[in-house]
Amino acid sequence: MNVAASSGSDVALVTGASRGLGQAIALELARRGVTVVGTATTESGAAGITRYLSEGSFKGRGLVVNVASQESVDALIKDIEAQEGAPLVLVNNAGITRDNLLLRMKAEEWDEIMNTNLGSIFRLSKAVLRGMMKARRGRIISIASVVGVMGNAGQTNYAAAKAGIIGFSKSLAREVGSRGITVNVVAPGFIATDMTAKLAADQQQQLMDRVALGRLGAPEDIAHAVAFLASPQAGYITGETLHVNGGMYMV
């Protein structure tokens, strides 16, 4: 299955693909016939991406990028365009947390989240637009969070950045829709990852008690949503936020 309904294999760029959600997304897109370039922050992480794609007999590789650096992003896109061709699918997944109550939050904790979690959306989306506009089609999908719509104590910086992704995507969707480019958001709820696995059993139960389906989500739940938005079947969907949270928060 060709995700963007083209002749030949499209190229998808997935940031933060060394583990967790990013890895699940990269693998799901690869299963659908897409050439996947996944990014990590370290050489070992990039090598791990190349390895799991190769083990699955999928096309693609891992590369190192600092999504908070324009120079690094520019070098990344130049490399991909030279080797695989212009990315026609972008999945903005890379992100970090610097949790703290606002009264205790340092300016650098705010700035780091904004530069990485929100600034990266600006840098990468802008970087792939030229290729997409030339092809007159493309998919930009950014990973936000349920926290961006419902809030969470101790995460004013993270929630603000994730809410910003939603507003950014709606505006960009209006700018590039006439060129056949869709821009959407997936907002995960609580997902079973390395981080949630470290929580005590009672903490995990408290989380699940807030979810209508009574369980944490799996990374694959998010990957399937992303793959749908990247597919031809989602060609008339843009500027939307798909909430994948098991009924924890209903818009």
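The analysis underlying the following values was restricted to heavy atoms, covering all of them including side chains, and did not include hydrogens, waters or symmetry mates.
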What about [X] and [Y], same hydrophobic cluster or not, with Ile/Leu/Val/Met/Phe/Trp/Tyr joined at side-chain heavy-atom distances under 4.5 Å?
| X | Y | result |
| --- | --- | --- |
| V149 | M250 | no |
| Y158 | I96 | no |
| W110 | I113 | no |
| V64 | V73 | no |
| L13 | I165 | yes |

_Apply side-chain contact (heavy atoms from CB on, under 4.5 Å) to residues V11 and V34 and explain how you reach the verdict._
CA-CA 6 Å; V11 178; V34 180; 5.9 Å; no
Tell me yes or no: between the side chains of [X] and [Y], is some donor less than 3.5 Å from an acceptor?
| X | Y | value |
| --- | --- | --- |
| D202 | Q206 | no |
| Q233 | S231 | yes |
| T39 | T15 | no |
| Q205 | D209 | yes |
| S142 | N92 | yes |

Is any side-chain heavy atom of [X] closer than 4.5 Å to a side-chain heavy atom of [Y]?
| X | Y | value |
| --- | --- | --- |
| H224 | E28 | yes |
| N245 | P188 | no |
| I191 | I222 | yes |
| M248 | H243 | no |
| V186 | E240 | no |
| R137 | I181 | no |
| I140 | L172 | yes |
| M105 | T156 | yes |

*Quick one: do L63 and V37 satisfy side-chain contact (heavy atoms from CB on, under 4.5 Å)? Show the steps, please.*
CA-CA 7 Å; L63 289 173; V37 176; 3.8 Å; yes
Using modelled atom types and a 3.5 Å cut-off, is there a donor and acceptor pairing between side-chain atoms of [X] and backbone atoms of [Y]?
| X | Y | value |
| --- | --- | --- |
| S171 | G167 | yes |
| S145 | V147 | yes |
| D221 | A218 | yes |
| N152 | Q155 | no |
| K170 | N184 | no |
| E109 | K106 | yes |
| S72 | N66 | yes |
| R98 | E112 | no |
| R139 | L229 | yes |
| N157 | M114 | no |

_Candidate pair D74 and Q70, rule side-chain hydrogen bond (donor to acceptor under 3.5 Å, both in side chains), full reasoning_ = CA-CA 6 Å; D74 290 344; Q70 186 65 58; 2.8 Å; yes
*Begin from the C-alpha positions of Q83 and D79 and carry the test side-chain contact (heavy atoms from CB on, under 4.5 Å) through to its verdict.*
CA-CA 6 Å; Q83 297 297 320; D79 188 338; 3.4 Å; yes
*Kindly check if the number of other-residue, nucleotide or ligand heavy atoms within 6.0 Å of CD (E71) is above 12?*
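Incorrect, the count does not exceed 12.
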Could you tell me the separation between the [atom1] atom of [X] and the [atom2] atom of [Y], rounded to the nearest 0.5 Å?
| X | Y | atom1 | atom2 | value |
| --- | --- | --- | --- | --- |
| Q23 | S18 | CD | OG | 7.5 Å |
| R210 | F190 | CZ | CZ | 5.5 Å |
| I237 | F228 | CD1 | CZ | 4.0 Å |
| I80 | I77 | CD1 | CD1 | 4.5 Å |
| I121 | S169 | CD1 | OG | 7.0 Å |
| E220 | L21 | CD | CG | 9.5 Å |

What's the shortest heavy-atom distance between [X] and [Y], and which atoms?
| X | Y | answer |
| --- | --- | --- |
| K162 | I143 | NZ-O, 3.0 Å |
| Q204 | L216 | OE1-CD1, 4.4 Å |
| G60 | L53 | C-CD1, 3.7 Å |
| T182 | A234 | CG2-O, 4.5 Å |
| N117 | G95 | OD1-CA, 3.2 Å |
| E81 | P87 | CG-CD, 4.4 Å |

*Does E84 pair with R61 as a salt bridge, N-O distance under 4.0 Å?*
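Yes, this pair counts.
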*Please test L90 against I141 for side-chain contact (heavy atoms from CB on, under 4.5 Å), starting from the C-alpha separation and ending with a verdict.*
CA-CA 6 Å; L90 168 65; I141 303 157; over 6 Å; no
